[in-house]
**Q** 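I'd like to ask some things about the structure below.
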Amino acid sequence: MKLDRMIGILSILLQQEKVTAPYLAEKFEVSRRTIQRDIEALCMAGIPLVTEPGPNGGVSIMEGYKIDRILLSTSDMQAILTGLRSLDSVSGTSRYAQLMEKLSAGAANLLAGDTHILIDLSSWHKESLSQKMEMLHNAILSGRKVSFTYFAPRGESERVVEPYYLIFQWSGWYLWGWCEFREDFRLFKLGRMAQLQTGENFVKRSAPFPNLTAEHVFPHRYQVKARIQPEYKWRLAEEYGVDSFHVQTDGTLLFSAGFTEKRKIVEWIASFGEGAELLEPEEFRQDVLAFAEGIRRKYLYQ
């Protein structure tokens, strides 16, 4: 049995009151028999796990038990605390730090954590985000639908969703759930939600974890080349990485990257003002000109 899977099972059992063996098998991509052997090994190691058969059964840790911190090294505990503190930065509480106290069994020297790594997962709209996180988290745990107004590039819509996962990705928080409107699983950005409410209970379906690879979510339909002025080197490095451009003999930057949407290309090039020139796709140059002309007319006649 791998140690990382054992720690993973313990972590899940600390966060959820009860889980099933099939759930753990799917989570760790192993067979149910492997999970059963893991549970037996954990029990032999002194972790009092309770297994209940039947439709409402599952695996849980005996109530009131604290994990012996010998299972984890000091560096392990500090790394865990760093991650838990990052979740507290979103929730606005000390809930996860309190969980760390249970893990560390009162070892004060560990609670300081690794002070060289500071992670803040909150946003500029921390207060509203914390409320949404709390509401969605409770809805996931209790199996209740959520409804909200959603603002997307294609327009505004009303959605009713069965929530399954809260995900931090691409520097933002998302909800993964079954959308009744689309009749499929969808990813929703929390910052675009308004009038969030909980609704009726639902029977949980098998929820696949979303494919969050850039190739799947943001497929590159267009290959863009552009000449960028050197004062914007910092922006290219931040948005697309230092390998996205090459410095030319005249000091300008030859930028190259894949884009998903034509509109994104036009707006991105225009956002540099006179500091960027689109080279390819050449047929989009007229679209950039039309975009700029629209802005010029907007201010010219006011």
**Q** State, yes or no, whether a side-chain contact exists between I167 and P210 at a heavy-atom distance under 4.5 Å.
**A** yes
**Q** State, yes or no, whether a side-chain contact exists between V217 and T260 at a heavy-atom distance under 4.5 Å.
**A** no
**Q** Do V288 and I265 have side-chain heavy atoms sitting under 4.5 Å apart?
**A** no
**Q** Closest approach of C43 and L49, non-hydrogen atoms and distance?
**A** SG-CB, 3.8 Å
**Q** With rounding to the nearest 0.5 Å, note down the distance linking CD in E40 to OG1 in T51.
**A** 9.0 Å
**Q** Would you indicate whether the side-chain heavy atoms of F28 and I9 approach each other to under 4.5 Å?
**A** yes
**Q** Could you note down all residue pairs passing side-chain hydrogen bond (donor to acceptor under 3.5 Å, both in side chains) where residues 214-224 supplies at least one of them, sequence neighbours left out?
**A** Q223-S256
**Q** With salt bridge (Lys or Arg N to Asp or Glu O under 4.0 Å) as the rule and sequence neighbours excluded, what pairs involving residues 237-255 come up?
**A** R235-E239
**Q** Salt-bridged, D287 to R285, with N to O below 4.0 Å?
**A** no
**Q** Is there side-chain contact between V146 and L175, with at least one heavy-atom pair below 4.5 Å?
**A** yes
**Q** So V50 and I61, do their side chains get closer than 4.5 Å, heavy atoms only?
**A** no
**Q** With a 4.5 Å cut-off on side-chain heavy atoms, are L129 and L190 touching?
**A** yes
**Q** With rounding to the nearest 0.5 Å, note down the distance linking CD1 in I269 to CG in L279.
**A** 8.0 Å
**Q** According to the salt bridge (Lys or Arg N to Asp or Glu O under 4.0 Å) rule, which pairs have a member within residues 153-168, sequence neighbours left out?
**A** E162-R205
**Q** Please walk me through it: do T252 and Q229 pass side chain to side chain contact (heavy atoms under 4.5 Å, CB included)?
**A** CA-CA 5 Å; T252 61; Q229 293 303 308; 3.9 Å; yes
**Q** Determine yes or no for a side-chain-to-main-chain donor-acceptor pair under 3.5 angstrom, with Y150 supplying the side chain and K189 the backbone.
**A** yes
**Q** How about V161 and F188: do any of their side-chain heavy atoms sit closer than 4.5 Å?
**A** yes
**Q** Can you name the side-chain hydrogen bond (donor to acceptor under 3.5 Å, both in side chains) partners of E200, sequence neighbours left out?
**A** K145
**Q** Report yes or no: does K132 contribute a side-chain atom to a donor-acceptor pair with the main-chain N or O of M193 at less than 3.5 Å?
**A** yes
**Q** Is it true that L254 and I228 fall in one hydrophobic cluster, defined by side-chain heavy atoms closer than 4.5 Å?
**A** no
**Q** Start with the C-alpha gap between Q195 and F148, add the side-chain angles, then the distance that decides, and say whether side chain to side chain contact (heavy atoms under 4.5 Å, CB included) holds.
**A** CA-CA 5 Å; Q195 287 83 51; F148 50 87; 5.9 Å; no
**Q** With sequence neighbours left out, which residue pairs that include part of residues 222-234 fulfil the salt bridge (Lys or Arg N to Asp or Glu O under 4.0 Å) condition?
**A** R227-E277
**Q** I'd like to check the ring pair (Phe, Tyr, Trp, His ring centres under 6.0 Å) partners of F151; sequence neighbours left out, ordered by chain and number.
**A** none
**Q** Return the set of residues passing ring pair (Phe, Tyr, Trp, His ring centres under 6.0 Å) with Y232 (not counting sequence neighbours), or none when no residue passes.
**A** F272
**Q** Return the OG to CZ distance between S271 and F291, rounded to the nearest 0.5 Å.
**A** 8.5 Å
**Q** Same cluster or not: V30 versus I39, using hydrophobic residues (I, L, V, M, F, W, Y) connected whenever any side-chain heavy atoms lie under 4.5 Å apart?
**A** yes
**Q** Would you compute the distance between atom OH of Y23 and atom CD1 of I12 and round it to the nearest 0.5 angstrom?
**A** 5.0 Å
**Q** I'd like to check the ring pair (Phe, Tyr, Trp, His ring centres under 6.0 Å) partners of F255; sequence neighbours left out, ordered by chain and number.
**A** Y240, W268
**Q** Can you see which heavy atom on V242 is nearest to which on A237, and at what distance?
**A** CG1-CB, 3.9 Å
**Q** From the options W178, F209, F185, W176, select the one residue that forms a ring-ring contact (aromatic ring centres under 6.0 Å, His included) with Y164.
**A** F185
**Q** Which heavy atom of R186 sits nearest to which heavy atom of C179, and what is that distance?
**A** CG-CB, 4.2 Å
**Q** Show the numbers, then the answer: is there a side chain to side chain contact (heavy atoms under 4.5 Å, CB included) between E280 and V224?
**A** CA-CA 5 Å; E280 296 178 11; V224 169; over 6 Å; no
**Q** State which residues pass side-chain hydrogen bond (donor to acceptor under 3.5 Å, both in side chains) with R182; sequence neighbours excluded, sorted by chain then number.
**A** none
**Q** Once you round to the nearest 0.5 Å, how far does CG of L196 lie from OG1 of T149?
**A** 9.5 Å
**Q** Is it the case that one hydrophobic cluster holds both I295 and L278, taking links as side-chain heavy atoms less than 4.5 Å apart, direct or via other members?
**A** yes
**Q** Suppose we screen for ring pair (Phe, Tyr, Trp, His ring centres under 6.0 Å). Which residues come up paired with F181, at least two apart in sequence or across chains?
**A** none
**Q** Using 0.5 Å steps for rounding, measure from the CD atom of E29 to the CG atom of L24.
**A** 13.0 Å
**Q** Which residues pass the side-chain hydrogen bond (donor to acceptor under 3.5 Å, both in side chains) test with Q286, not counting sequence neighbours?
**A** none
**Q** Please determine whether residues L187 and Y165 belong to a single hydrophobic cluster, defined as Ile, Leu, Val, Met, Phe, Trp and Tyr linked transitively by side-chain heavy-atom distances below 4.5 Å.
**A** yes
**Q** Just wondering, more than 12 heavy atoms not from K204 lying within 6.0 Å of its NZ?
**A** yes
**Q** Who pairs with T34 by side-chain hydrogen bond (donor to acceptor under 3.5 Å, both in side chains), at least two apart in sequence or on another chain?
**A** S31, R37
